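Excluded from the calculations below are hydrogen atoms, water molecules and symmetry mates; all remaining heavy atoms, backbone and side chain alike, are included. Whatever order the structure lists them in is the order used to number ligands and atoms, beginning at 1. Quick caveat: nothing in here was measured; it's all calculated off a predicted structure.
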Amino acid sequence: MAEDIRFEMIDVDLDVQELLLTASQHDLAKLRQLTRSNNVGAENPVNIKDPETGYTPLHAAIAACERDNDDEDGSATNGVKSNEGTEQEEENTLAAARDTVKFLLQEGAIWNDLDNKNETPGCLARRLGLTELYELMVDAGVRAEMLLNYMEGYEELEDDDEDDDEDEDEKEEGEEETKETSDEPSTQEPPTTEEDTTTAAAAAEPDVSNSRYLQSNLTFQNDRLLDDDQNGVMMAWETDIMAKTARKLLPQEGLRVLNIGHGMGIIDGFFQGQKPVAHHIVEAHAEVVAEMKSKGWHEKPGVVIHEGRWQDILPTLVGEGVMFEAIYYDTFAESYAAFREFLSEQVIGLLEPSGLWGFFNGMGADRQISYDVYQKVVEMDVFEAGFDIEWEDIAVPKLDGEWSGVRRPYWVVDNYRLPVCKYMD
Ligand SMILES: C[S@@+](CC[C@H](N)C(=O)[O-])C[C@H]1O[C@@H](n2cnc3c(N)ncnc32)[C@H](O)[C@@H]1O
């Protein structure tokens, strides 16, 4: 390597370290100057990374508030680390960190970049008990995700305009093909650090497409339903969640219920317990439908099975004027955009004015901050569609033993937040 290139690299490395140090010192004036002069050769200097720790300036600013575990007498303390350890200093450190975090976010820092310990800046804030900084990171995540979702919506609109002249069937084929090719082979692997950092919505998005899943062979076991790639489509540990959801959505006997996604039939079993006068089930996977029939679901009281994707079935039901007091949505391998379409386009045509609807709230459940971000994103979309939402926390037991033979644990957070939605007053 030529001598001057080596020196140049050392210089860049020193500049990176200086930027990270400045962020950790919460020195806003210097940080502003360093980011403007951009000597680190990065597209955006606020997104540089320490090669050893993987820390970004956001990580550095937050890590600098790490609480000191030892008092002078050696006992544990909750104080923020500061030379004298006074409360005032703790507050000053936190206030300076807050301003630094806000500045970095305004400058375009990525909210969910991962360090070498697989932590986003928000994960770090949460682990260190820095609630205010954690909330700042959650809000940054919400803004990024909302923007991404809207941009996807606009892209779809643009695509629609371009395709106006095309035959509708051709267009749908094209869409499926794109999804399928983008699936292979990267989405068969668990999401990597790279995917998480470059795709803001990665944590909430399925890593298998719906069309691929619907063609896959399924394995039905007592406690789980798996697809070809050993993805857990449904698992028995969710039974308590399904029982509580069914009780909330269908509080009395003799009502009409629509369930989208039969899976292992757990929630449908609880719905049947409420003796509904009409119990419609939409199920898209041919093997699940065959399994349902082998268990006699088509002969149960009030049951009507609709074979196909909800995207194709629901518009017909709306057209027929079929209405329900309760609707539940729990599908598999569908994107957030699909769910948003369901809640903003379909529910209103199917739900009685006094009705309730809900969904399996598993978006982003493999990381607490993603779960918190998506709770807020969903809240906003549900609100925009004209509904109120109420949440109830349900403790999820430790699931350590559950994942053997399953490709990827899709649940790590401690509490399930059970949503119940109704029309706004
Ligand atoms: C997670 S499971 C549902 C579990 C169910 N709540 C239970 O209690 O057992 C998801 C189900 O949705 C079905 N599904 C996936 N995509 C669908 C779609 N677009 N339309 C209808 N059903 C779909 C899957 O085949 C699967 O049976």
Side-chain angles (χ1 to χ4, degrees), residues 172 175-176 179 205-229 231-250 257-274 279-295 297 303-317 326-343 345-347 350 357-363 365 394 402 406-408 410-411 416 418-419:
E172 290 206 343
E175 279 174 3
E176 290 297 295
K179 280 187 203 153
E205 290 297 304
D207 52 346
V208 56
S209 76
N210 194 247
S211 56
R212 180 185 169 87
Y213 157 71
L214 291 176
Q215 283 158 22
S216 118
N217 295 317
L218 304 182
T219 307
F220 295 84
Q221 294 171 4
N222 276 344
D223 66 340
R224 62 190 60 188
L225 169 58
L226 301 177
D227 73 1
D228 257 346
D229 301 320
N231 287 303
V233 177
M234 181 62 186
M235 296 180 76
W237 68 260
E238 293 178 38
T239 301
D240 185 39
I241 292 170
M242 294 300 143
K244 289 190 168 121
T245 304
R247 220 176 297 140
K248 291 231 170 208
L249 294 181
L250 214 52
V257 60
L258 166 66
N259 180 37
I260 299 157
H262 178 74
M264 292 170 70
I266 300 177
I267 201 159
D268 280 319
F270 291 119
F271 283 147
Q272 272 291 295
Q274 290 295 70
H279 182 175
H280 289 229
I281 305 171
V282 180
E283 174 51 54
H285 200 299
E287 288 183 31
V288 177
V289 172
E291 181 79 3
M292 288 172 82
K293 289 188 177 162
S294 77
K295 288 183 171 161
W297 270 96
V303 167
V304 179
I305 300 175
H306 301 275
E307 301 178 26
R309 300 174 74 224
W310 62 263
Q311 290 87 339
D312 302 322
I313 306 285
L314 298 189
T316 312
L317 286 181
I327 301 178
Y328 186 59
Y329 174 100
D330 180 10
T331 65
F332 180 72
E334 293 209 283
S335 65
Y336 182 72
F339 172 60
R340 197 153 66 116
E341 184 197 323
F342 163 76
L343 76 90
E345 307 285 332
Q346 305 297 335
V347 179
L350 295 162
W357 70 275
F359 56 93
F360 179 71
N361 180 25
M363 287 164 283
I394 299 177
E402 308 289 325
V406 181
R407 202 183 112 213
R408 191 171 73 93
Y410 57 83
W411 195 277
Y416 176 82
L418 189 160

What's the separation between atom CG in Asp223 and atom OG1 in Thr239, rounded to the nearest 0.5 Å? 9.5 Å
Ligand 1 and Leu225, any nitrogen or oxygen pair closer than 3.5 angstrom? no
Should you measure from each heavy atom of Val233, which atoms of ligand 1 turn up under 4.0 Å away? 1 (C), 2 (S)
At a 4.0 Å cut-off, with the gap strictly under it, does some heavy atom of Tyr213 reach an atom of ligand 1? yes
Test Arg407 against every option in Asn231, Asp229, Asp227 by the side-chain hydrogen bond (donor to acceptor under 3.5 Å, both in side chains) rule and name the one that passes. Asn231
Could you tell me the residue and atom name of the protein heavy atom closest to atom 20 (N) of ligand 1, and the distance to it rounded to 0.1 Å? Trp310 N, 3.1 Å
With a 3.5 Å distance limit and no angle check, can you tell me whether Tyr410 reaches the backbone of Ala365 through a side-chain donor-acceptor pair? no
Within the 4.0 Å heavy-atom cut-off, what Val288 brings close to ligand 1 is side chain
Taken to the nearest 0.5 Å, the spacing of Phe342 CZ from Ile327 CD1 works out to 5.5 Å
Side chain, backbone, both or neither: which part of His262 has a heavy atom under 4.0 Å from ligand 1? backbone
Taking only heavy atoms of Ile267 into account, list the atoms of ligand 1 that are under 4.0 Å away from them. 6 (N), 7 (C), 8 (O)
Donor-acceptor pair, Arg212 side chain versus Ala333 backbone, under 3.5 Å? no
Derivation of the side chain to side chain contact (heavy atoms under 4.5 Å, CB included) call for Asp240 and Met242: CA-CA 5 Å; Asp240 185 39; Met242 294 300 143; over 6 Å; no
For ligand 1, does Asn259 get within less than 4.0 Å through its side chain, its backbone, both, or neither, judged by non-hydrogen atoms? neither
If you scan protein heavy atoms around atom 3 (C) of ligand 1, the nearest is Asp330 O, 3.4 Å
Nearest protein heavy-atom contact for atom 15 (C) of ligand 1: which residue, which atom, what distance? Phe332 N, 3.5 Å
Looking at Met242, which atoms of ligand 1 are within less than 4.0 Å of one of its heavy atoms? 6 (N), 8 (O)
Within ligand 1, which atoms have a heavy atom of Met264 less than 4.0 Å away? 9 (O)
Look at atom 22 (N) of ligand 1 and say which protein heavy atom is nearest, naming residue and atom and giving the distance to 0.1 Å. Ala284 N, 3.4 Å
Closest non-hydrogen contact found for Asn210 with Phe332 is ND2-O, 2.8 Å
shortest atom 27 (O) of ligand 1-to-protein heavy-atom contact is with Glu283 OE1, 2.7 Å
State if Ala333 counts as touching ligand 1 under the rule of any non-hydrogen atom under 4.0 Å. no
Taking 4.0 angstrom as the limit and counting only heavy atoms of Gly265, give me the atoms of ligand 1 inside it, by number and element. 9 (O)
Nearest non-hydrogen protein atom to atom 16 (N) of ligand 1, with distance, is Asn210 ND2, 3.0 Å
Note: ligand 1 atoms sitting under 4.0 Å from heavy atoms of Glu334 are 19 (N)
Does a side chain donor of either Glu334 or Tyr329 reach within less than 3.5 Å of an acceptor in the other side chain? yes
Would you check if the side chain of Asp268 reaches a backbone N or O of Phe270 as a donor-acceptor pair within less than 3.5 Å? no
Given Phe359, which partner from the list Trp310, Tyr328, Phe339 fulfils the ring-ring contact (aromatic ring centres under 6.0 Å, His included) test? Phe339
Distance col, row His279:NE2 vs Ile305:CD1, nearest 0.5 angstrom, shows 9.5 Å
Identify the protein heavy atom lying closest to atom 2 (S) of ligand 1, giving its residue, its atom name and the separation to 0.1 Å. Gly263 CA, 3.8 Å
Tell me whether Asp228 contacts the main-chain N or O of Asn217 through its side chain, where contact means a donor paired with an acceptor under 3.5 Å. yes
Starting from atom 14 (N) of ligand 1, which protein heavy atom do you reach first, and at what distance in Å? Thr331 CB, 4.0 Å
